[in-house]
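Notes follow the structure.
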Amino acid sequence: MLMSMDKTTIMSMGITSTSTRSGGNMRFTKLHGLGNDYIYIDAIAQDLGGYDLVGLARVLSDRHFGIGGDGIILVLPSEAGDFRMRVFNSDGSEAEMCGNGVRAFAKYVYEHGLTDKTELAVETGAGIIRPKLLVNAKGRVERVRVDMGEPRLARSDIPMQGERAGEPAVEAPLMAGGENYAVTCVSMGNPHCVVFVDDVDNYPVREIGPQIENNVAFPVRTNVEFAHVLDAGRIEMRVWERGAGETMACGTGACATVVAAALTGRADRKATVELLGGDLEIEWAENGRIYMTGPASEAFSGEVSEELLEQVKA
Ligand code: ZDR
């Protein structure tokens, strides 16, 4: 029936996709970095005080009953930097940091007029992270280079249980699901466990990923990277994300993978990481800091319906 009506008729019936019954509902924007997609909410302009944020993340991230995403990211004011970023995974757990998320965060605040700075200081659970926007001639942010800070390697920093808490876990034995793995663990503010495998494409990521994510060795769970070094400057990787499952890409995971490959003598400190969603350029510089460069894209903006929000009122 709708197909035979013109736009004016539909609008007069009050059923255009842009109208909302209640008006003034929560606005959001979907952005992604290499298909690692998040729902961004401007919590400077909008008061989220009345919402249970864990529930909000779960409900909005649902790809069938909500908007759909690997999680939600809140844009907040900051005393310590230009903005503060909070990241909630699709299961409602909060992550300290998100590499793909921070690139898209920088694009969002610039393109939506919250700042005109092209070098930002973003306060995260992993400290101040510094994205630098690479803006094209049309004023659009296409790529972002991020100073991700220094990786932390001590077991106690991951955190990972085991003897010698102050020492790194490099090719350390880990028993999961009845199998033994040699794992290298890196904190990029959030925990990562890197496993080198021969065949990334056919690896049972969805079976082994959760066994390692939830292993007793990792008291706050862990992100898990399955990587294969193609040559000294190229690494293929698939990720099983803590709290979100397999995703198209992982910025902090790509950084952790280059650190693990360099520490085990498999690759250089500068490498391209090839993910399901595309490539990230990672450099573990001589100053000890990691620089990640990659794209960020916006998909759409919208307003959350009242009936969805009613489910998550605090
Ligand atoms: C992997 C990730 N999307 C990124 O790009 O760095 C981070 C998301 C947060 C992750 N699932 C965690 O640490 O819980």
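Residue numbers run from 1 in the order of the sequence given. In this text, all values refer to a predicted model and were calculated from it rather than measured experimentally. Just follow the structure's listing: the first ligand is 1, and inside any ligand the first atom is 1.
Sparse packing is recorded around CG of Asp198, with 12 or fewer heavy atoms of other residues, nucleotides or ligands lying under 6.0 Å away. Counting heavy-atom neighbours within 6.0 Å of Arg164 CZ, excluding the residue itself, gives a total of 12 or less. For Lys270, the NZ atom is loosely surrounded, since the number of other residues' heavy atoms within 6.0 Å does not exceed 12.
At under 3.5 Å, a nitrogen or oxygen of Gly99, whether backbone or side chain, sits near a nitrogen or oxygen of ligand 1. Backbone and side-chain nitrogen or oxygen atoms of Glu96 are examined, and none is located within less than 3.5 angstrom of a nitrogen or oxygen of ligand 1. When only interatomic distances are considered, the shortest N/O to N/O separation between Gly251 and ligand 1 falls below 3.5 Å. Looking at ligand 1, you'll find an N or O of Thr252 within less than 3.5 Å of one of its N or O atoms.
Residue Asn190 approaches ligand 1 through these ligand atoms, each under 4.0 Å from one of its heavy atoms: 7 (C), 12 (C), 13 (O). Interface atoms of ligand 1 facing Asn100, defined by a heavy-atom separation under 4.0 Å, are 4 (C), 5 (O). When each atom of ligand 1 is checked for a heavy atom of Cys98 under 4.0 Å away, the hits are 2 (C), 3 (N), 4 (C), 5 (O), 6 (O), 7 (C), 8 (C). Ligand-side atoms of ligand 1 in range of Ala95: 9 (C), 12 (C), 13 (O), 14 (O), range being under 4.0 angstrom from any heavy atom. The atoms of ligand 1 that sit less than 4.0 Å from any heavy atom of Met97 are 7 (C), 9 (C).
Remark: Arg63 engages Asp37 in a salt bridge, criterion side-chain N to carboxylate O under 4.0 Å. Salt-bridge annotation for Glu283 and Arg269: absent, with no side-chain N of the basic residue lying under 4.0 Å from a carboxylate O of the acidic one. Note on Lys313 versus Glu306: salt bridge recorded, some NZ/NE/NH1/NH2 to OD/OE distance being below 4.0 Å. Residues Arg266 and Glu171 are paired through a salt bridge, judged by an N-O separation under 4.0 Å between the basic side chain and the carboxylate.
When Cys250, Ala249, Ala256, Ser93 are ranked by how near their heavy atoms come to atom 2 (C) of ligand 1, first place goes to Cys250.
The shortest separation from a heavy atom of Phe88 to ligand 1 is not under 4.0 Å, leaving the residue out of contact. No heavy atom of Val87 sits closer than 4.0 Å to any atom of ligand 1.
Classified by interplanar angle (parallel below 30°, tilted 30° to 60°, perpendicular above 60°), the ring pair Tyr38/Tyr40 is perpendicular.
The protein heavy-atom contact nearest to atom 10 (C) of ligand 1 is Asn223 OD1, 3.2 Å. The protein non-hydrogen atom at the shortest distance from atom 3 (N) of ligand 1 is Asn36 OD1, 2.7 Å.
Geometric assessment of Arg238 against the ring of Tyr203 yields a negative cation-pi assignment under the 6.0 Å and 45° thresholds.
Distance alone, capped at 3.5 Å, is enough to place a donor-acceptor pair between the Arg58 side chain and the Asp91 backbone.
By the criterion of a heavy-atom distance under 4.0 Å, neither the backbone nor the side chain of Asp70 is placed next to ligand 1.
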